[in-house]
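One structure is given below, encoded as structure tokens.
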Amino acid sequence: MHNLETFINHRLAMSANSLRRLAYRLIAGKGLDITPEQWVILYYLWRKDGLPLNELVRLSQKDFANVSRIIEKLCANGYIEKRKSEEDHRSHRVFLLPRANEIKAQVEACWEEAHPISLKGMAEEEQRLLLSLMMRLE
């Protein structure tokens, strides 16, 4: 029988879980009421407001049901709103509300704080190599 601890997929999943817990801890420490998954959606909207729902699915690399659930929660908490697209009334676009912009600096500070913690003890060359390998895996 193989040792689960040596499977790359398992190690990647374990690392992702550790990073998610770190993000939750940092976000909660700032008193924010969002999740790391919600931050991903806000991140893309901060880059370009009014994205279509299907574009958020593509960018976040999450399934449609997951993104829809995240968007509904962000809508309910007053961070974003969903509007019918003017170009195609069958689709929706997602727009930031002022409350989302009010927390942007705090959320970015969480991720700036998480970066060196998650890569502690890893040289810059190792970080570049890891990123390159992960991009190839994706």
Side-chain angles (χ1 to χ4, degrees):
M1 177 172 221
H2 295 287
N3 181 355
L4 182 63
E5 299 300 317
T6 62
F7 283 154
I8 291 173
N9 290 354
H10 178 70
R11 299 308 314 169
L12 287 171
M14 298 290 284
S15 294
N17 287 336
S18 294
L19 293 171
R20 193 174 300 108
R21 283 192 304 274
L22 171 62
Y24 271 110
R25 192 174 76 243
L26 293 173
I27 289 169
K30 295 210 181 297
L32 299 169
D33 64 343
I34 64 167
T35 66
E37 292 80 10
Q38 291 168 346
W39 175 83
V40 170
I41 299 301
L42 290 173
Y43 167 81
Y44 288 113
L45 292 171
W46 283 325
R47 291 181 68 196
K48 184 175 181 192
D49 197 13
L51 287 171
L53 185 59
N54 62 348
E55 183 68 5
L56 287 168
V57 167
R58 186 187 70 75
L59 290 168
S60 67
Q61 296 187 7
K62 297 180 185 305
D63 61 65
F64 186 85
N66 223 352
V67 172
S68 292
R69 181 185 49 78
I70 293 166
I71 286 173
E72 292 307 318
K73 183 72 172 171
L74 286 168
C75 285
N77 289 340
Y79 289 109
I80 62 174
E81 68 179 359
K82 193 169 60 169
R83 299 182 208 149
K84 286 220 182 264
S85 172
E86 293 179 9
E87 300 87 31
D88 178 2
H89 292 288
R90 295 169 298 173
S91 66
H92 288 87
R93 290 186 171 271
V94 182
F95 293 88
L96 294 166
L97 292 174
R99 184 168 188 221
N101 291 320
E102 291 169 7
I103 67 165
K104 183 180 178 187
Q106 290 175 286
V107 173
E108 287 175 343
C110 289
W111 292 100
E112 290 295 323
E113 190 177 341
H115 188 75
I117 294 170
S118 63
L119 298 172
K120 185 177 180 182
M122 194 179 294
E124 278 189 45
E125 182 58 35
E126 291 172 312
Q127 292 175 35
R128 282 192 291 276
L129 176 60
L130 178 60
L131 181 60
S132 172
L133 291 170
M134 292 186 76
M135 290 172 78
R136 282 177 51 197
L137 274 172
E138 290 174 14

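Just so you know, these numbers use all the heavy atoms, side chains as well, and skip hydrogens, waters and symmetry mates.
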*For Y79, which of I41, N101, L74 qualifies under side chain to side chain contact (heavy atoms under 4.5 Å, CB included)?*
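It is L74; the other options fail the test.
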
At their closest point, which heavy atom of [X] faces which heavy atom of [Y], and how far apart are they?
{"X": "L51", "Y": "Y44", "answer": "CD1-O, 3.6 Å"}
{"X": "S60", "Y": "L56", "answer": "OG-O, 2.7 Å"}
{"X": "I27", "Y": "P36", "answer": "CD1-N, 4.1 Å"}
{"X": "L96", "Y": "A100", "answer": "CD2-CB, 3.7 Å"}
{"X": "K62", "Y": "E37", "answer": "NZ-CG, 4.0 Å"}
{"X": "F95", "Y": "D49", "answer": "CA-OD1, 3.1 Å"}

Check this for me: [X], atom [atom1], are more than 12 non-hydrogen atoms of other residues, nucleotides or ligands nearer than 6.0 Å?
{"X": "K73", "atom1": "NZ", "result": "no"}
{"X": "E112", "atom1": "CD", "result": "no"}
{"X": "I8", "atom1": "CD1", "result": "no"}

To the nearest 0.5 Å, how far apart are [atom1] in [X] and [atom2] in [Y]?
{"X": "S91", "Y": "E86", "atom1": "OG", "atom2": "CD", "value": "11.0 Å"}
{"X": "S68", "Y": "H92", "atom1": "OG", "atom2": "NE2", "value": "10.0 Å"}
{"X": "L22", "Y": "N17", "atom1": "CG", "atom2": "CG", "value": "12.5 Å"}
{"X": "R11", "Y": "L4", "atom1": "CZ", "atom2": "CG", "value": "8.5 Å"}
{"X": "H115", "Y": "Q127", "atom1": "NE2", "atom2": "CD", "value": "5.0 Å"}
{"X": "I80", "Y": "L45", "atom1": "CD1", "atom2": "CG", "value": "6.0 Å"}

*Output, in order, the C-alpha distance, side-chain angles, deciding distance and verdict of side-chain contact (heavy atoms from CB on, under 4.5 Å) for L53 and F64.*
CA-CA 8 Å; L53 185 59; F64 186 85; 3.5 Å; yes

Salt bridge [X]-[Y], side-chain N to carboxylate O under 4.0 Å:
{"X": "R93", "Y": "E87", "answer": "yes"}
{"X": "E55", "Y": "R58", "answer": "yes"}
{"X": "R128", "Y": "E125", "answer": "yes"}

With the side chain counted from C-beta on, respond yes when [X] and [Y] share a heavy-atom pair under 4.5 Å apart, and no when they do not.
{"X": "V107", "Y": "L42", "value": "no"}
{"X": "N66", "Y": "R69", "value": "yes"}
{"X": "M134", "Y": "L130", "value": "yes"}

*Check the hydrophobic clustering (I, L, V, M, F, W, Y; side-chain heavy atoms under 4.5 Å; chains of links allowed) and say if I117 and L131 are grouped together.*
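Not linked; separate clusters.
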
_Stepwise side-chain contact (heavy atoms from CB on, under 4.5 Å) check, V40 with I70_ = CA-CA 10 Å; V40 170; I70 293 166; over 6 Å; no

*Begin from the C-alpha positions of R99 and N77 and carry the test side-chain contact (heavy atoms from CB on, under 4.5 Å) through to its verdict.*
CA-CA 9 Å; R99 184 168 188 221; N77 289 340; 4.0 Å; yes

*May I have the step-by-step check of side-chain contact (heavy atoms from CB on, under 4.5 Å) for W39 and L32, ending in yes or no?*
CA-CA 11 Å; W39 175 83; L32 299 169; over 6 Å; no

_I'd like to know if the side chain of E81 and the backbone of L97 have a donor-acceptor N/O pair within less than 3.5 Å._
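Not at all, since once roles are kept as given, no pair shorter than 3.5 Å links the two residues.
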
*With no hydrogens and no angle check, is any side-chain donor or acceptor of Q38 less than 3.5 Å from a backbone partner on T35?*
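At least one qualifying donor-acceptor pair exists.
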
